[in-house]
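The structure under discussion appears below in the form of structure tokens.
Chain letters run A, B, ... following the sequence lines, proteins first and then strands; every chain starts at 1. Predicted model, so just to flag it, every value in this text is computed and none were measured. Quick note: numbers below take in every heavy atom, side chains included, and nothing from hydrogens, waters or symmetry partners.
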Protein chains: 2
Amino acid sequence: MTRAERESEGADGPGPLPAQLSAEIPARIPGTLPAEPQAKSRENLVHSLHDEVLARLREFIVEGNLAPGARVPERLLCERFGISRTPLREALKVLASEGLIDLLPNRGARVRRIGEGEIIELFDVMGGLEALAGRLACERITEAAYAEIERLHHEMYGHYLRRDLHGYFACNQAIHDRIVQAAENGPLSATYASFAGRLRRARYSANLDANRDRWGEAMREHEEILDALRRRAGSELSDILFRHLRNKRRAAADREAAAPVPGEPAVDSV
Amino acid sequence: MTRAERESEGADGPGPLPAQLSAEIPARIPGTLPAEPQAKSRENLVHSLHDEVLARLREFIVEGNLAPGARVPERLLCERFGISRTPLREALKVLASEGLIDLLPNRGARVRRIGEGEIIELFDVMGGLEALAGRLACERITEAAYAEIERLHHEMYGHYLRRDLHGYFACNQAIHDRIVQAAENGPLSATYASFAGRLRRARYSANLDANRDRWGEAMREHEEILDALRRRAGSELSDILFRHLRNKRRAAADREAAAPVPGEPAVDSV
DNA sequence: TCAGCTCGAAATGAATGCAAACCTGTGGGA
DNA sequence: TCCCACAGGTTTGCATTCATTTCGAGCTGA
């Protein structure tokens, strides 16, 4: 298939796919930072085929459309995306370097299986990154940006009072994202987004429904976070954020132990 | 060239190269963590050609054998490594995702030019990662590992007294690496190594010869670091390490302002 | 002299080809 | 029945080829 032929064709490939692959591939992750994993801001606005495939494949895997440990079917994905193996394989190398898949020599790519131990490690790194973001945010954040976080905080509190889990989650994630944004550090944002993706792929569950105590605790921690940020107490905020992530990790681990159902979709985030 | 032909041939390609490329490509970076950028520990012991090329090319760029902003000559590197363009281009995509190079659509790869602002950002991320490593190290470090760091610290102090810059640097780097190792967090180690490479590529200079004050200050900070680590005071150590990196960044910036000679090799690290 | 244009060489992006490695199912022997 | 060899198709890794774009030398005309 030549480039001209591909461009004149429709977006979707024609062939049917096995059930596992037939899930829709969304165009963008809604709830995360808009930052691309690496700096491609100025000149790389033209999406070369490679970038397009890379983004779509990353989403496909992060969203859990392939089971952990499952083979990544090169051929099928080529047909799915309507491309040849070359750009797809380039994307696979990049995803492997991001830790989303493993490349076994001569035996293809497999979706990385994330063990309990590694989830703990990833949580700790997220904690460190958020701690850093909080520290930097205290140095740089504008009054307006702080006010927006404060608004989100109160909105989140409202959801908490009404026991609206979904709204609570959305505000919670928005707050953490705003803090990272307020740090105004490109490499930090990119690294944060990358680790968030890896962790999200693990489908760890910190479902607050099953853990009402944790919900209240998390809400109190967020009070502390807002307070430290208001006082621009970087070092203190750094500590609180790390502890916050630690507790989140613990809640996730408890939940996992209580309901060890692998492959079951679960709600994220405290 | 077929695979059999390449394997029966010698390691070095035959052709002459322009002066800029004729520098030797070392096999490994001596002073950094042994960790590979991503988890390939168990099964990927067989180095597929791609991995080999990726590692060598990364070293080639990190070591500064290509000027910032310079074109990455695909053709020449292919001849140099004795491979075709496919695996080389795969490696370039990965390096781009690591932030070492920029890929301009239809105009090839260029060595990323790191501006002053980005160096500051990278330093801050390094500070956050070291802060995290220190915090985790306080939780996990063994007496033996602590004793080794203490030994390195005293050895470093000896170098400081004798004004032996080279020995001081080596111990300094070893201490920071040991702290990261003591954190026992694979993703953290990998991320740390990656950022260390990016920063090293910038060839920032924090030459202590030109800044004797900073040398003494750094030594005092290291006293604090050791003290906090001995007391397993994670939060405190975290703060000290971040400040330590901040001061290191400041010294580097001062030095850069005092002697703005781009392309001049300079001594790293405090 | 110099700005603008044309055309050809070279480089890039992607597709295709090909040898080697792997997986699978089949059959022979213990 | 169970274990192992092995032949076939399938997949992978890399080389090669092809289409497209960019870059630059040389020409034209003012």
Side-chain angles (χ1 to χ4, degrees), chain A residues 1-9 13 15 18 21 40 43-57 66 69-97 101-111, chain B residues 1-9 13 15 18 21 40 43-57 66 69-97 101-111:
Chain A
M1 181 187 281
T2 69
R3 193 184 300 188
E5 282 168 354
R6 188 178 53 252
E7 285 175 355
S8 67
E9 205 178 294
L21 283 177
K40 302 181 179 177
E43 317 193 65
N44 212 349
L45 296 175
V46 182
H47 282 323
S48 68
L49 184 47
H50 163 81
D51 289 315
E52 180 74 17
V53 169
L54 176 58
R56 294 219 289 167
L57 192 53
L66 290 171
R71 251 178 120 78
V72 179
E74 258 185 35
R75 184 66 54 125
L76 282 170
L77 288 172
C78 286
E79 294 173 11
R80 175 67 178 162
F81 291 127
I83 57 170
S84 77
R85 286 175 51 222
T86 307
L88 186 87
R89 288 173 50 77
E90 289 172 351
L92 288 178
K93 306 286 187 191
V94 174
L95 294 181
S97 92
I101 62 178
D102 282 327
L103 290 179
L104 312 180
N106 289 318
R107 296 203 288 153
R110 296 203 122 84
V111 176
Chain B
M1 184 188 282
T2 69
R3 192 184 302 188
E5 282 169 354
R6 185 178 55 253
E7 285 174 357
S8 68
E9 205 180 292
L21 284 178
K40 303 181 180 177
E43 317 192 66
N44 213 347
L45 297 175
V46 183
H47 282 324
S48 67
L49 184 48
H50 162 81
D51 289 315
E52 179 75 17
V53 170
L54 176 58
R56 294 220 290 169
L57 192 53
L66 290 171
R71 227 185 151 76
V72 179
E74 259 186 36
R75 187 63 54 119
L76 283 168
L77 288 172
C78 286
E79 294 172 10
R80 175 66 178 163
F81 292 126
I83 57 171
S84 79
R85 286 174 53 223
T86 307
L88 186 87
R89 287 172 50 77
E90 289 172 350
L92 289 178
K93 305 287 186 189
V94 174
L95 293 181
S97 92
I101 63 177
D102 282 329
L103 290 179
L104 313 180
N106 289 317
R107 297 202 289 153
R110 296 202 121 82
V111 176

To the nearest angstrom, the CD-P distance between A:E79 and C:dT16 comes to 12 Å

Between CD of B:E90 and P of D:dA15 the distance, given in whole Å, is 10 Å

What N/O pairs connect the protein and nucleotides 7-11 of chain D at under 3.5 Å? Give each pair on its own line.
from, atom 1, to, atom 2, distance (Å)
D:dT11, O3', A:R71, NH2, 3.1

Heavy-atom side-chain contact between B:L92 and B:E74 under 4.5 Å
yes

d(A:I101 CD1, A:R71 CZ) to nearest 0.5 Å is 12.5 Å

Does a side-chain N or O from B:R85 land closer than 4.0 Å to OP1 or OP2 of D:dA15, or not? no

Winner on side-chain proximity to A:P87, out of C:dA14, D:dC14, D:dA15, is C:dA14

Output for pair (A:L57 CG, A:L88 CG), nearest 0.5 Å, gives 6.0 Å

From CZ of A:F81 across to P of C:dA14 the rounded distance in Å is 14 Å

Rounded to the nearest 0.5 angstrom, the CG-CD distance for A:L77 and A:E79 is 9.5 Å

Practice item. Side-chain contact test, heavy atoms from C-beta onward, threshold under 4.5 Å: evaluate it for A:E90 versus A:T86 and give yes or no. Key: yes

From CG of B:D51 across to P of D:dT12 the rounded distance in Å is 16 Å

D:dC14 OP1/OP2 closer than 4.0 Å to side-chain N/O of B:T86: no

note: A:L103, atom CG; D:dC14, atom P; distance rounded to Å ~ 11 Å

Separation of C:dA14 atom P from A:L92 atom CG, nearest Å, is 15 Å

To the nearest angstrom, the CG-P distance between B:L76 and C:dT12 comes to 10 Å

So CG of A:D102 and CG of A:L95: to nearest 0.5 Å the spacing works out to 11.5 Å

Interatomic distance, NE2@A:H50 vs CZ@B:R89, rounded to 0.5 Å, equals 9.0 Å

In whole angstroms, the gap separating C1' of D:dT22 from CZ of B:R110 amounts to 12 Å

